[in-house]
Amino acid sequence: MELPAKYSPAEVEDKWYAWWLKNKFFHSEPDGREPYTVVIPPPNVTGILHMGHVLNNTLNDVLVRKARMDGKNACWVPGTDHASIATESKVVAKLKAEGISKEDITREEFLRHAWEWKEKHGGIILSQLRKLGASCDWDRTKFTMDPDLSEAVINTFVYFYKKGYIYRGIRMVNWDPVGLTAVSDEEVIHRDTVSKFYHLRYFISDGNGNPTDKYIIIATTRPETIMADAAVCINPEDERYHWLKGKKILIPLINKEIPIIEDSYVEMGFGTGCLKVTPAHDVNDYEIGLRHNLPVLDIIDDHGRLNEKAQILVGEDRFEARKKIEVMLQEAGNLEKVEDYTSPVGYSERTNAVIEPRLSMQWFLKMEDLAKEALESVESGKVKLIPDKYRNTYRHWMENVRDWCISRQLWWGQRIPAYYLPDGRFVVEATAEEALKAAQALDPKITAADLKQDEDVLDTWFSSWLWPISVFDTHKAGHPEAQPNKDLAYYYPTNDLVTGPDILFFWVARMIMAGDEFMHDVPFRNVYLTGIVRDKLGRKMSKTLGNSPDPLDLIAKYGADGVRLGMMLCTSAGNDILFDESQVEQGRNFCNKVWNAFRLMKGWTVDEKASQPEAAAVAVRWFENKLDMTLEAVEDHYSKFRISDAIMTVYKLFWDDFCAWYLELVKPAYGAGIDAATYKATERFFDALLKMIHPFMPFITEELWQNLAPRKEGETIMLQRMPLAGEYDRSVITDFDMACEAVVAVRSIRQQKGLSPKEALTLLVKGAFPMDTLPVVRKLANISSVSKVDSFEGVSGVSFMVRTVEMSVPLEGLVNAEEELAKLEAALDYQEKFLASVRKKLSNERFVANAPEQVVAVERKKEADSLSKIESLKAAIAALKK
RNA sequence: GGGAGCAUAGCUCAGUUGGUUCAGAGCGUCUGCCUUACAAGCAGAGGGUCGGGGGUUCGACUCCCUCUGCUCCCACCA
């Protein structure tokens, strides 16, 4: 195989991905092995891959590939989410661009357009995931609106309805006037918003609907809703307003008479202490209205415009109306003053429209019992959140959860299976046929034509909460008593879920609820919550800022392996990651390093007659131990989901230990062959290293592994077992480290003295140096001879210490005695101070009495080492002074 | 308003029940090298009073209090 000096990922990556697919390596079927299951957080069906997906799916893929190499039956189920609001608004926009208005076409026509759109754009994001190397079982690809998954959603609705958990009613909901639908509490984002605080004069009525000259001042942020006022409310404790009792107040501009009511809800210290009560357009006011039996007058329509009930400004948008009514109030003498005011305003998560609290008929799911169980699942540790800090947030939400508004006034989604009889009664059944039967039980004369199905669809999350169940078994959701099918029985519960904390409640919590309800078990064991990918300035990546790189461009430029590694190097659970292209560059550079190490090794020719050089023997023995030690550390990182630590540990093992030390030590002289024993060992190490790197960089490792040795047809690194950590001898590693320190010291001396690496030097050793590692020093520091000495007296050289061993490089004529002396004296000074601090500790009786033995022993060792160093330094100084 | 979290090297972050010569890593920086795997590289070096203050302890980056600055989540004060 021809190997260029630079690795080019493009063809390699496409080649191996296609080959993996062809061989169905990602495909999983239940068998006797332990399963390892992951379901993808389904991206929006019309979505495009962004950096957040890269982070999430790379993490997922690392976990899946690792599990697969641990011998588990790994199954990663991919799929997409129909994302009702997001998709519907995209389709509406597309139709609008074509001159078609949603209002002018039928539901069926609209859905035809929507499906067309889905077919056209639906596969994009999944194909992008393939470029990233995601090892999903594509044969299992699901879509939340697949017919059978939709059926599961409907069955679930029917199940909860019959259980009494689903009810229909007129409630104050969060209305999105742009999306034209209700949204759940979780889909409302509150943001502090600068607005105005209008102080309005409401005049007292003379009893006949005419204003007197007395008035009170009411502060409001929404003057455009005054026409819907049903009362003015004061706190019963508020003495300032006792004179108002029994009086009537006139609404400005329309002179409508409304009563004064008292309710302790009103804060006396806030605003003017008078509250206008507008039950139709404010959640709190609605509650007050209920308590006081106030009429509800809804003056705002679906689009957020004033309707005819407002009497004035009819047809105006609510914000336009606000501006205009300010002028009208001013002219009418009702405007006392206007102040700037900052208050939290609710925005729609999807459309960013200001949410209009609005009364409407909606379907709700009771959450109390579901939340209780779901809380327990996390509190008991059956589901672990990583990082753990999210437990608090989770608990708080679960303890304060409100009923879930599950109906949406949209067409794209699962239509609510409620069927209305002409008299207004309704039945809930999974199919029209069953509904007809049920309806006929109520009224035998009913025909199919009489029944009208509810127009609304279900919240998207009402389908995605079934995901870990319904991707395997579409019957079980909605039928807790049913036997799970073979797949569900085998794969459920899934193992790990990787997702963002922003959907902890939308999705994660609700999946736990559905799992409890239908499986009597949690849907996953561990939830790894990623952070948000930001740019290097800490800003959220967004289209408008243009700070979000296209992952596919990055892959084209650096290779998928490079992109993956760049992401993994800087991710830690729960922390946002500040993404910078230089990290991907680092990933690419690592690929190149691996590539070149391979080139080096492949360039060697084995000399069967050659015996193993000492340095190589030391290196092999050391690396064997180092490898085992590192495997143990990496395994520990994986077990704690410290993915970036795991890859960094492997990265350093490869780059620093394997390349910088090991390969340099075993590298044969130019033109010479390598002995067979060393070559075999090197191959073995390379094999292990490739396997360790594979979960992070699947492509290049497959490419090199295939070329490392002859492979049988269909053999892949993907399915090799990850090497297991064996026993290792720590002293081998520390001895080698000392040799390395000596090498670094000599190299440093060369640098300081301007000596070429080619110029051989000699080395004097005084003290207990692990002599069997000396070949390392000789080879890598270019030392021609090493002598053990008892003293450096009479030697003109540069000395240094490795731990407690003193060493010197004789350098006749190059040594500045004064400099040397100063260096030694500084070292002595430091050492003496260090000794003093150690002795201070040791002479402290309370320390000796209270500290654990081990800690005291360490201090004694420090003392002894320090004494020995001081002795050496003093001797060296004395020798130098002679 | 309630809750959670963060502050350690120029940057991004580790530091796992308070105690290994513990103040670390990666990147960046500086110096010297095109050394026959790799300049996407090699070798070497510098860099932090662990946000400020106080306390507990024989001992604090680690525990407690407080101040400052930032972030996030939740929330119906018009």
Side-chain angles (χ1 to χ4, degrees), chain A residues 3 5-7 172 185 190 197 218-222 233 265-267 269-272 274-278 282-287 341 343-344 346 357 387 389-393 395-397 400 501-502 504-505 531-532 536 538 558 562 569-570 572 574-580 582-583 585-586 588-604 636 640 642 644-645 648-649 651-652 659-660 663-664 667 670-671 743-744 747-752 754 756-758 803 834 838 840-841 844-852 854-859 861-862 865-866:
Chain A
L3 290 176
K6 285 190 168 48
Y7 170 63
M172 198 51 117
D185 294 334
H190 292 270
F197 214 17
I218 289 170
T220 179
T221 53
R222 302 202 59 191
C233 189
Y265 167 78
V266 177
E267 287 286 334
F270 188 83
T272 60
C274 289
L275 172 70
K276 75 185 199 68
V277 183
T278 318
D282 185 281
V283 184
N284 304 303
D285 291 11
Y286 179 67
E287 300 288 324
Y341 184 64
S343 62
K389 65 177 177 185
Y390 285 106
R391 273 223 329 238
N392 291 326
T393 327
R395 184 186 316 113
H396 183 259
W397 192 76
N400 296 285
D502 48 332
L504 184 56
F505 309 126
I532 295 168
K536 67 173 176 182
Y558 298 102
L569 280 172
C570 60
S572 67
N575 286 349
D576 285 358
I577 62 177
L578 272 54
F579 179 82
D580 184 45
S582 69
Q583 290 150 0
E585 212 172 305
Q586 193 185 348
R588 176 205 54 184
N589 293 353
F590 186 56
C591 282
N592 207 45
K593 188 70 188 177
V594 176
W595 179 258
N596 275 294
F598 186 79
R599 276 209 316 149
L600 172 66
M601 196 188 73
K602 273 293 165 185
W604 292 335
D636 184 56
K640 291 170 180 153
R642 294 160 167 251
S644 65
D645 287 339
M648 184 47 74
T649 305
Y651 178 96
K652 284 195 279 195
C659 292
L663 288 179
E664 291 301 328
K667 195 193 257 184
Y670 184 59
V743 170
V744 169
R747 283 172 177 171
S748 180
I749 289 167
R750 282 183 194 277
Q751 168 107 352
Q752 284 162 27
S756 158
K758 287 175 182 157
R803 318 256 163 125
F834 179 74
V838 171
K840 188 179 166 198
K841 221 181 225 190
N844 182 333
E845 278 172 35
R846 283 193 287 183
F847 170 73
V848 180
N850 293 326
Q854 220 180 340
V855 175
V856 179
V858 166
E859 291 302 317
K861 173 83 164 52
K862 283 188 204 170
D865 287 353
S866 185

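Residue numbers begin at 1 in each chain, while the letters A, B, ... track the order of the sequences. Remember, it's a predicted structure, so these values are computed and weren't measured experimentally. Basis for what follows: all heavy atoms, side chains included, without hydrogens, waters or symmetry-related copies.
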Checklist outcome for this item: Each base of RNA chain B marked ( ) or [ ] if paired in-strand (Watson-Crick or G-U under 3.5 Å), | if paired to another strand and . if unpaired gives (((((((..((((.....[....)))).(((((.......))))).....(((((..]....))))))))))))....
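Judged by distance alone with a 3.5 Å cut-off, no donor-acceptor contact links the side chain of A:Asn850 to the base of B:C58.
Smallest separation of non-hydrogen atoms from A:Phe847 and A:Glu859: CZ-CG, 3.7 Å. Across A:Glu664 and A:Ala660, no two heavy atoms sit closer than the pair CG-O, 3.2 Å. Residues A:Val277 and A:Cys233 approach most closely at CG2-CB, 3.5 Å, considering heavy atoms. Minimum heavy-atom separation, A:Gly562 to A:Cys591: N-SG, 4.2 Å. Taking every heavy atom of both residues into account, A:Ala5 and A:Asn592 meet most closely at O-OD1, 3.7 Å.
The side chain of A:Glu267 lies closest to B:C77, out of B:A78, B:C73, B:C77.
If you take CG on A:Leu504 and OH on A:Tyr390, they are separated by 8.0 Å, rounding to the nearest 0.5 Å. Atom-to-atom distance recorded for A:Glu845:CD and A:Asn850:CG is 11.0 Å, nearest 0.5 angstrom. Separation of atoms CG (A:Asp185) and CH2 (A:Trp397) is listed at 9.5 Å; rounding is to 0.5 Å.
As rounded to whole Å, 11 Å separates atom P of B:A78 from atom CG of A:Asp285. Between the CZ atom of A:Arg846 and the P atom of B:U56 there is a distance of 12 Å, given to the nearest Å. Atom CG of A:Leu504 is separated from atom P of B:C72 by 17 Å (rounded to the nearest Å). Look at CG on A:Asn844: it is 11 Å from C1' on B:U57, rounded to the nearest Å. One interatomic measurement links the two molecules: CZ of A:Phe270 to P of B:G1, which rounds to 12 Å at whole-angstrom precision. Protein atom CE of A:Met172 is 13 Å distant from nucleotide atom P of B:C76, rounded to whole Å. Rounded to an integer number of Å, the gap from A:Phe847 CZ to B:U20 C1' is 12 Å. Per the geometry, CZ belonging to A:Arg391 stands 17 Å off C1' belonging to B:C73, to the nearest Å.
Across all strands shown, A:Val283 has no heavy atoms under 4.0 Å from either base or sugar-phosphate atoms. In this structure, A:Val266 reaches the bases: a heavy-atom distance under 4.0 Å links it to at least one base atom across the strands shown. Using a 4.0 Å heavy-atom cutoff across all strands shown, A:Phe834 reaches at least one base atom of the nucleic acid. Residue-level contact check: A:Ser748 touches the backbone only, with heavy atoms under 4.0 Å from sugar-phosphate atoms and none from bases. Contact annotation for A:Ser343: backbone-only contact, meaning every heavy-atom pair under 4.0 Å involves sugar-phosphate atoms and none involves a base. A:Tyr558 comes within 4.0 angstrom of nothing in the nucleic acid, heavy atoms only. Looking at heavy-atom distances under 4.0 Å, A:Pro852 makes contact with a base.
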Item to check | Sequence-aligned protein contact record of nucleotides 29-42 of chain B, with B where the base is within under 4.0 Å of a protein heavy atom and S where only the sugar-phosphate is | outcome: --B----BBB-BSS
Checklist outcome for this item: B/S/- along nucleotides 5-17 of chain B (protein heavy atoms under 4.0 Å) is -------SSSSB-
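Taking the P atoms as reference points, B:C13 lies 14 Å from B:C72, given to the whole Å. Spacing of C1' atoms, B:G5 relative to B:G44, comes out at 40 Å, to the nearest Å. Taking atom C1' on both B:U8 and B:U49, the two are 12 Å apart, rounded to the nearest angstrom. When the P atom is compared between B:A60 and B:G18, the two are found 13 Å apart, to the nearest whole Å. Going from the P atom of B:G28 to that of B:A40 covers 12 Å, rounded to whole Å. With both ends at atom C1', the span from B:C64 to B:G2 equals 23 Å, rounded to whole Å. With both ends at atom C1', the span from B:A43 to B:C38 equals 15 Å, rounded to whole Å. Across the C1' atoms, B:C61 and B:A14 are found 12 Å apart, a figure rounded to whole Å.
For A:Tyr7, the ring pair (Phe, Tyr, Trp, His ring centres under 6.0 Å) partners are A:Trp595, not counting sequence neighbours. Remark: A:Tyr341 engages A:Phe197 in a ring pair (Phe, Tyr, Trp, His ring centres under 6.0 Å) (not counting sequence neighbours). Partners of A:Lys861 by salt bridge (Lys or Arg N to Asp or Glu O under 4.0 Å), not counting sequence neighbours, listed by chain and number: A:Asp865.
In this structure, the side chain of A:Gln583 engages the main chain of A:Leu578 through a donor-acceptor pair within 3.5 Å.
Nearer the 5' end of RNA chain B, as judged by each residue's closest nucleotide, is the contact made by A:Asp185, out of A:Gly269 and A:Asp185. The residue among A:Tyr651 and A:Asp865 whose nearest nucleotide of RNA chain B lies closer to the 5′ end is A:Asp865.
Residues A:Gln586 and A:Ser582 have side chains that never bring a donor and an acceptor to within less than 3.5 angstrom of each other.
With A:Leu275 as reference, A:Asp285 is the one residue of A:Ile218, A:Asp282, A:Asp285 to meet the side-chain contact (heavy atoms from CB on, under 4.5 Å) rule.
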